[in-house]
Protein chains: 2
Amino acid sequence: MRPSIKQVAHLAGVSIATVSRLLNKPGSVSAETAEKIHRSIAELGFRPNFTGRNLRAGNSRTVGVVVPTLSNTVFAQCLQGIELAARALDYSVMFTTTEYLPEDESAAVELLLGHRVDGVILTVADAGANATLDLLERERIPFVLAYNQLAAADAGTAIQRASVSVDNRAAACDAVTHLIGLGHRRIQMLSGRFNASDRAMQRYCGYLDAMQAAGLAPLPAIEVERHTLTAATDYQQMMADPRHRPTALFCSNDLLALSAMRDLRALGLQVPGDISVMGFDGIPVGALMQPVLASVVQPSEQIGDVALRTLVDAIERALPAAVAASLPVETPVPVIAGVRHILPHALREGGSVAPPAPASC
Amino acid sequence: MRPSIKQVAHLAGVSIATVSRLLNKPGSVSAETAEKIHRSIAELGFRPNFTGRNLRAGNSRTVGVVVPTLSNTVFAQCLQGIELAARALDYSVMFTTTEYLPEDESAAVELLLGHRVDGVILTVADAGANATLDLLERERIPFVLAYNQLAAADAGTAIQRASVSVDNRAAACDAVTHLIGLGHRRIQMLSGRFNASDRAMQRYCGYLDAMQAAGLAPLPAIEVERHTLTAATDYQQMMADPRHRPTALFCSNDLLALSAMRDLRALGLQVPGDISVMGFDGIPVGALMQPVLASVVQPSEQIGDVALRTLVDAIERALPAAVAASLPVETPVPVIAGVRHILPHALREGGSVAPPAPASC
DNA sequence: TTGAAAGCGCTAACAG
DNA sequence: CTGTTAGCGCTTTCAA
């Protein structure tokens, strides 16, 4: 078996408590015993067992992360940001995926709770009505939403929730306003399924805002399955007919925009000559393409970074509270002081958008 | 505090042993006690605490993953494959990043070992001489390399190691042979730093193989920092001069290829008109671009999937062995029966390569 | 089929 | 400054 604190104590000729003390507050041990113990540790190749520590301490210095997928760069970058920040704060990361299936969200969280993670960062399909979040709240586990943007109205609910995101609606509105500014009047939104992503819906609202502000007639969004347009026959028809064809496409994410561009080429249409395409996310490869994909850039890695730091804040604020809570009745202290972090977005201009062809006006 | 098996037992009027039994092998408990216990579990919202179980059982049903970065889609997809497979086998994933710093590899693994993960999947800078792998071996922790490809020669070492990858050298050779087949004779390899990635070196060997087989003069590779060519002034000069300029570029990864194409455009060069560009990795976005990025496709998600399954195999094979080992002396049983999984690669043709312009021949 | 009890590795009182 | 001891949640003999 792997060496434990016990073997170290035995070899050093001290008690296990002394070893533990050295590990936790080195100052409380005399120089020479410290020396002896260090030698034993080195000799045995001892490495403290977090499992024992966690069981005793009731916390694991581990956070859980639940995102839809890693196939979308956006989430990969976010996870990257989380990991970096976690490492800096001496936390570990346990990671899960839902494949955009709302029913997998709960299972993922249950598993993490079994591991007694100290908190959870998640991106859920719909933050508005979500059983998983209720579960987390009931269990009094601190959590922070990433990408999901809490409505301002939620600020009034019993317990405030925390989220880190851009202002999806405003950002989408900016993007569409940019297209309108270029002269586009017939703008179609292409979106991921609303029921798989509340962000998609918020972005559609932003689209509506922009269209209405300009006095233009908004079109219903075309919802498509995960980054593929092949199934959307109504879309294909619309594109085939020059009279119904929009002059610009606004896509709820960059992967969608990229596949849309590919499909348009297959239809023999030029971007931006025949039609402009704008994305959302600002994934790095978009800037390497020709033409550059115009998009709304969200700071994904920073979203992860801020989410983690917010979470750890909450965890460490909750710690003393938990101790206090063991005295009186269940203290109704909110696990997390609701923070709606809205990070700045930016418009990335690119060759994929241009003023509409004169004939279209 | 969260309910434990103890509270459940108390509420159900049985002993904790019985509750534990029900949780582990339900058959060994009478129907009516089972019923009582289930009710208590539901009433209390009890959830087994893995920490306790792990401490007792000595295993955690958790694997550690160490990759250089998630900014490269390749690793994100691999992690995705790992997570999916892990979930199917009821394992959890603890995840870390090294930012391509070899010195961070050990720290990452140390942390994972502290959490008593049952095994580790990693991509290291250099699998040949690597202190981290030695550590893992010394600690008898099963591990599987992903992307790192063990040399056939390693099959003879004391303990065989496991790896899952494509045949980097052969794959690179295929790619360069393809370029040669199109008529290119002056082919330059652009590579990530050899000391940050042994794959890059293996791919360069494949380049040499192809050049030599065709009787062409190979050029030294140009090593560049993580996906940016801006610093490589010698490269800029070579490109500026039509006489020294290669007719084709072979890049050790797709991100590099994409930025190379961007830089070439900035220099006023056409791809593939003035110069062909071929990548390695076959990241999905490459196929969405115009022109499509020709590349060697490696099955990243599958690499993750196979790596995890190989690892779990080893873990579960080691379990009974560990029990047996507590009887006699340290059994010198290799933790893992060295498996060099070589997964098939594929050439993705794309518009980024074409025969060289006649003048160049 | 069930219960009592020991112990996994560690921390935190409490004594000395 | 150091040792003794109890116990975190759980599994697992060993008896009954």
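Excluded from the calculations below are hydrogen atoms, water molecules and symmetry mates; all remaining heavy atoms, backbone and side chain alike, are included. In what follows, chains carry the letters A, B, and so on, assigned in the order in which the sequence lines appear, proteins first and then strands, with residues in each chain numbered from 1.
- Among the atoms of the strands shown, none is found under 4.0 Å from any heavy atom of B/L23.
- Among the nucleotides C/dT11, C/dA13, D/dC10, the one closest to the side chain of B/I16 is D/dC10.
- Between the CZ atom of A/R53 and the C1' atom of D/dG9 there is a distance of 18 Å, given to the nearest Å.
- Closest to the A/S20 side chain, of the nucleotides D/dG9, D/dT2, C/dT11, is C/dT11.
- By the 4.0 Å N-to-carboxylate-O rule, A/D134 lies too far from A/R140 to be salt-bridged with it.
- Across all strands, A/V19 comes closer than 4.0 Å to no nucleic acid atom at all (heavy-atom distances).
- Regarding B/H115, its NE2 atom lies at a distance of 15 Å from the C1' atom of C/dC10, rounded to whole Å.
- In this entry the distance linking CZ of A/F50 with P of C/dC8 reads 20 Å, nearest Å.
- Phosphate proximity of D/dC10 to B/N49: absent, as no side-chain N or O sits under 4.0 Å from OP1 or OP2.
- Atom NZ of B/K6 and atom P of D/dG7 are 8 Å apart (whole Å).
- Looking at which nucleotide of DNA chain C each of B/A34 and B/R116 is closest to, the 5′-most match is held by B/A34.
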- Task: Assess whether salt bridge (Lys or Arg N to Asp or Glu O under 4.0 Å) is satisfied between A/E43 and A/R39, documenting all intermediate values.
- Result: CA-CA 6 Å; A/E43 184 172 337; A/R39 247 202 305 279; over 6 Å; no

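- Atoms NZ (B/K25) and C1' (D/dC10) sit 15 Å apart, rounded to a whole Å.
- Separating the CD1 atom of B/I41 from the P atom of D/dG9 is a distance of 15 Å, rounded to the nearest angstrom.
- An OP1 or OP2 oxygen of D/dT2 is reached within less than 4.0 angstrom by a side-chain nitrogen or oxygen of A/T33.
- Looking at heavy-atom distances under 4.0 Å, B/S4 makes contact with sugar-phosphate atoms alone, never a base.
- With hydrogens and angles left out, the side chain of A/R56 and the base of D/dG9 share no donor-acceptor pair within 3.5 Å.
- Under 4.0 angstrom from either OP1 or OP2 of C/dT1 there lies no side-chain N or O belonging to B/S30.
- At a threshold of 4.0 angstrom between heavy atoms, the contacts of A/A17 include nucleobase atoms, whether or not backbone atoms are also involved.
- A/S4 contributes a side-chain N or O that, together with a main-chain N or O of A/K6, makes up a donor-acceptor pair within less than 3.5 Å.
- Where B/R21 and B/L55 meet DNA chain D, the nucleotide closest to each residue was compared, and B/L55 sits on the side nearer the 5' end.
- Distances shorter than 4.0 Å separate none of the side-chain N or O atoms of B/T18 from OP1 or OP2 on C/dT2.
- As rounded to whole Å, 14 Å separates atom P of D/dG9 from atom CZ of B/R47.
- A/N54 comes within 4.0 angstrom of nothing in the nucleic acid, heavy atoms only.
- You won't find any donor-acceptor pair under 3.5 Å spanning the side chain of A/R2 and the base of C/dG9, going by distance alone.
- With rounding to whole Å, B/L44 atom CG is found 15 Å from D/dG9 atom C1'.
- Relative to the side chain of B/I5, the nucleotides C/dC10, D/dC10, C/dT2 differ in distance, and D/dC10 lies closest.
- Not one N or O on the side chain of A/S106 forms a donor-acceptor pair closer than 3.5 Å with the backbone of A/E103.
- Side-chain contact check for B/T69 and A/Q80: at least one donor-acceptor pair (N or O, by modelled atom type) lies under 3.5 Å.
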Full working for side chain to side chain contact (heavy atoms under 4.5 Å, CB included) between B/I82 and B/V93 | CA-CA 8 Å; B/I82 291 172; B/V93 175; 4.2 Å; yes

